[in-house]
**Q** 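I am attaching a structure below and will ask some questions about it afterwards.
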2 protein chains.
Amino acid sequence: MVSSKDVAKQAGVSQATVSRVLNSPELVKKHTLEKVIKAINDLNYIPNANARSLVQNKTGTIALLSGPLHNPFFVDTTSAIVNYASEMDYRIQVQFVNDKKLSEAYTTAFEQKVDGIILSCILNDDPIFEKLTRMEIPFITYNRKHQNNEYFVEIDNYEAGYLSAKHMIEQGHKQIAWIGGPLNVSTFNNRFLGFKQAIQDFQIYLPEEYKIITDTTKQSISESFYKLMHLQQRPTAICAGSDSFAFNLIDDAASNNLSVPEDLSIIGIDNVNLSQHSMINLTTIGSISGKNLGHLAIEKLIDMIKNKNNSCVKITEPVRLFDRSTTRNL
Amino acid sequence: MVSSKDVAKQAGVSQATVSRVLNSPELVKKHTLEKVIKAINDLNYIPNANARSLVQNKTGTIALLSGPLHNPFFVDTTSAIVNYASEMDYRIQVQFVNDKKLSEAYTTAFEQKVDGIILSCILNDDPIFEKLTRMEIPFITYNRKHQNNEYFVEIDNYEAGYLSAKHMIEQGHKQIAWIGGPLNVSTFNNRFLGFKQAIQDFQIYLPEEYKIITDTTKQSISESFYKLMHLQQRPTAICAGSDSFAFNLIDDAASNNLSVPEDLSIIGIDNVNLSQHSMINLTTIGSISGKNLGHLAIEKLIDMIKNKNNSCVKITEPVRLFDRSTTRNL
DNA sequence: ACAAGAAATGAATACGTATACATTTTTGAT
DNA sequence: ATCAAAAATGTATACGTATTCATTTCTTGT
């Protein structure tokens, strides 16, 4: 590999001068500048970012620990995060984390000595959180948060759950079920709490079988749907824990020959880009501002990295209903 | 930052021994091993991958230069690539490249001294290709290829274009339009060639206005659609250059109050995961094996990196029709 | 033409690791 | 107990860069 030393020899200068040409060309005389640049081009020299990181003690790299892309929410956020980081001259190392490989993913990030970590995959009482704070690496969570988090970006999940149920109730539904993810995930937990509060406020009867907490695999969701649809008293409406859940449920409905919304109303939460597609048109709850959570988070993170800014970041975006066509008046 | 030297001091051994504990523990006596491991844990030591890269001259990192995620094809491939790489203990640095930032993206990858590059965004006669080969970094393209490429993975694009047109013809359509991307992209070019061949073989009349080559922005596609729909003799079927094009066109149809397939048949190419969704059900052409192109490519790339394997990789997956519900008999 | 100050360059070093080689310690057969 | 071989450990160096400090070269005002 051709190094700055090789360039220096070729140009008849010292290695330090080559370094200066790259990092502070205003310090070097025009004549030598040209000589060095010529040598760089002749030798096809490309500086080694790893060596640079070593001496400067920063890598210009951010680790992204995202949920899987089959969840369209993470498609939107990943896209926003990677693009904004690129604009700001940060590189993103992405991992799509499942629970099994979680701690491995963290280790990788730590070893790379990334300048910051942006992550979604954290549980409300995750023990990894301690490790993360002790690392002294700036990090921020989006969508989910840990109970002790001081840096996070989310939507108002409680309100989202509340509005979700409220919408169904206002449409005249009395049999409303919930299907959402595990309650050790802050997002699902708060949404579910909001949902239950609305149900209670409007004095709707909510049988135990209508409260379904499941993991996020396609199969588990399908099984939950199947169970729900084979109850004696089956629900006329389902509030899904997220748009991703809603999409799965809509698919399940189709395979069970049920039309949405004619036979069954379904509402999501997140208002992902895909939900606006004309062939889907999912009714959902989403951020009023329409700002992408990933974008908000990466902006803040880069600010934290650059300015050693230590004040908290606790952003909770207000939400509203996006009334589209997967729910209907009873 | 705590380094292996600090650990060495704490454990009362040399730095070399610490290094051995991490990389070849079988060489170190049990007693000292335990001392060192204790010191590592006490100090919360995490090795610096950059320093390691410097001396070992490999980074364990692969650069992914992907197209944007609003194209669902790249959702599927990115997911497969990142996950497989993680399994094989490679890290992925991802960039979603647009044409403006292309050469910048390459530079970034080069500077990081990545072990390999997996990319989609390359033009048929892209001058960057020369640079890439001169770099002596293993690389592979998926989906698209350069005219001189010796390492690529694609579907049989020509055949895909052919089958796409053939399907419409067999459904009884006589007015069949093409809307696809730029012809300096191998993928679009070959698909278009296949399309034209089928049209010719079946002796269909193809007016100039039915051949639309546009860039891949939502707006340009919408404009193309609008033009097409306001022709005196408007087409009854559109062959889209990709599933992504098809999704856009379906959206455009909806906003123009045209139903698919009642008023207009639309077929895509790629058979992306999303196209199978019950609410979309896009008729399309895709790989028979169903193998993900990204997965095929990253497999090959990692093999190339590990085994210094220099023989060519030229994979062209055969295709077939996936007859779903966005086309209908005339 | 000269000195003093500024500008440009070079020499030396540090970053954190892996590894070749040198040295010490341990083992085991006699 | 001795010694050779094997095992374990330590020392020194290299990787490619940025940067501090020392040195040289250039300006400029007299």
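Only a predicted model underlies this, so the values are computations on that prediction, with no experimental measurement involved. Below, chains carry the letters A, B, ... as their sequence lines are ordered, and counting in each starts from 1.
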**Q** CD1 of A:I117 to OG1 of A:T61: how many Å apart, nearest 0.5 Å?
**A**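 Output value for this atom pair is 12.0 Å.
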**Q** Does the side chain of A:T187 come under 3.5 Å of the side chain of A:N157 through a donor N or O and an acceptor N or O?
**A**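 Their side chains do not contain a donor-acceptor pair, so the 3.5 Å distance test is not met.
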**Q** Between C:dA14 atom C1' and B:N50 atom CG, what is the distance in whole Å?
**A**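 These atoms are roughly 15 Å apart.
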**Q** Name the one of A:F96, A:F74, A:Y142 that satisfies side chain to side chain contact (heavy atoms under 4.5 Å, CB included) with A:L64?
**A**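 Looking at A:F96, A:F74, A:Y142, the match for A:L64 under the side chain to side chain contact (heavy atoms under 4.5 Å, CB included) is A:Y142.
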**Q** Rounded to the Å, how far apart are A:K5 NZ and C:dA12 P?
**A**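 Distance check: A:K5 NZ to C:dA12 P gives 12 Å.
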**Q** A:L69 pairs by side chain to side chain contact (heavy atoms under 4.5 Å, CB included) with which of B:V75, B:N83, B:V82?
**A**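 When side chain to side chain contact (heavy atoms under 4.5 Å, CB included) is applied between A:L69 and each of B:V75, B:N83, B:V82, only B:V75 qualifies.
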**Q** Using a cut-off of 4.0 Å on non-hydrogen atoms, how would the nucleic acid contact of B:V18 be classed: base, sugar-phosphate, or nothing?
**A**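 Here B:V18 touches no strand at all.
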**Q** What I want to find out is whether B:K291 reaches B:E317 closely enough, with some N-O distance under 4.0 Å, to be called a salt bridge.
**A**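 No, this pair does not count.
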**Q** Map A:A49 and B:H31 onto DNA chain D by nearest heavy atom, then report which one ends up closer to the 5' terminus.
**A**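 The residue mapped nearer the 5' terminus is B:H31.
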**Q** Round to the nearest Å and state the distance from B:K58 atom NZ to C:dT17 atom P.
**A**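 These atoms are roughly 17 Å apart.
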**Q** Over all heavy atoms of both residues, which pair between B:Y45 and B:S3 is shortest? Give the atoms and the distance, please.
**A**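 Looks like CE1-C, 3.5 Å.
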**Q** Check whether any side-chain N or O of A:T32 sits under 4.0 Å from OP1 or OP2 of C:dT9, and answer yes or no.
**A**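 Yes, such a contact exists.
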**Q** At under 4.0 Å, does any side-chain N or O of B:S4 touch on OP1 or OP2 of C:dT17?
**A**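 It does, given that an N or O in the side chain of B:S4 lies less than 4.0 Å from OP1 or OP2 of C:dT17.
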**Q** Provide the closest heavy-atom pair for A:C121 versus A:L65 in the form atom of the first, atom of the second, distance.
**A**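 That closest heavy-atom pairing would be SG-O, 3.5 Å.
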**Q** Where along nucleotides 19-28 of chain C does protein come under 4.0 Å, by heavy atom, of base (B) or sugar-phosphate alone (S), with - for untouched nucleotides?
**A** B---------
**Q** Give a yes or no on whether B:K300 atom NZ has more than 12 heavy-atom contacts from other residues, nucleotides or ligands under 6.0 Å away.
**A**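 No - once you tally the heavy atoms of other residues, nucleotides and ligands closer than 6.0 Å, there are 12 at most.
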**Q** Give the first and the last nucleotide of DNA chain D, reading 5' to 3', that has any atom under 4.0 Å from a heavy atom of chain B.
**A**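 Using the under 4.0 Å cut-off, the span is D:dA8 to D:dG16.
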**Q** Closer to the 5' end of DNA chain D via nearest nucleotide, is it B:V13 or B:N57?
**A**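 Per heavy-atom nearest nucleotide, the more 5' residue is B:V13.
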**Q** Can we say A:E154 and A:K145 salt-bridge, meaning some charged N sits less than 4.0 Å from an Asp/Glu carboxylate O?
**A**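 Looking at A:E154 and A:K145, the cut-off is met.
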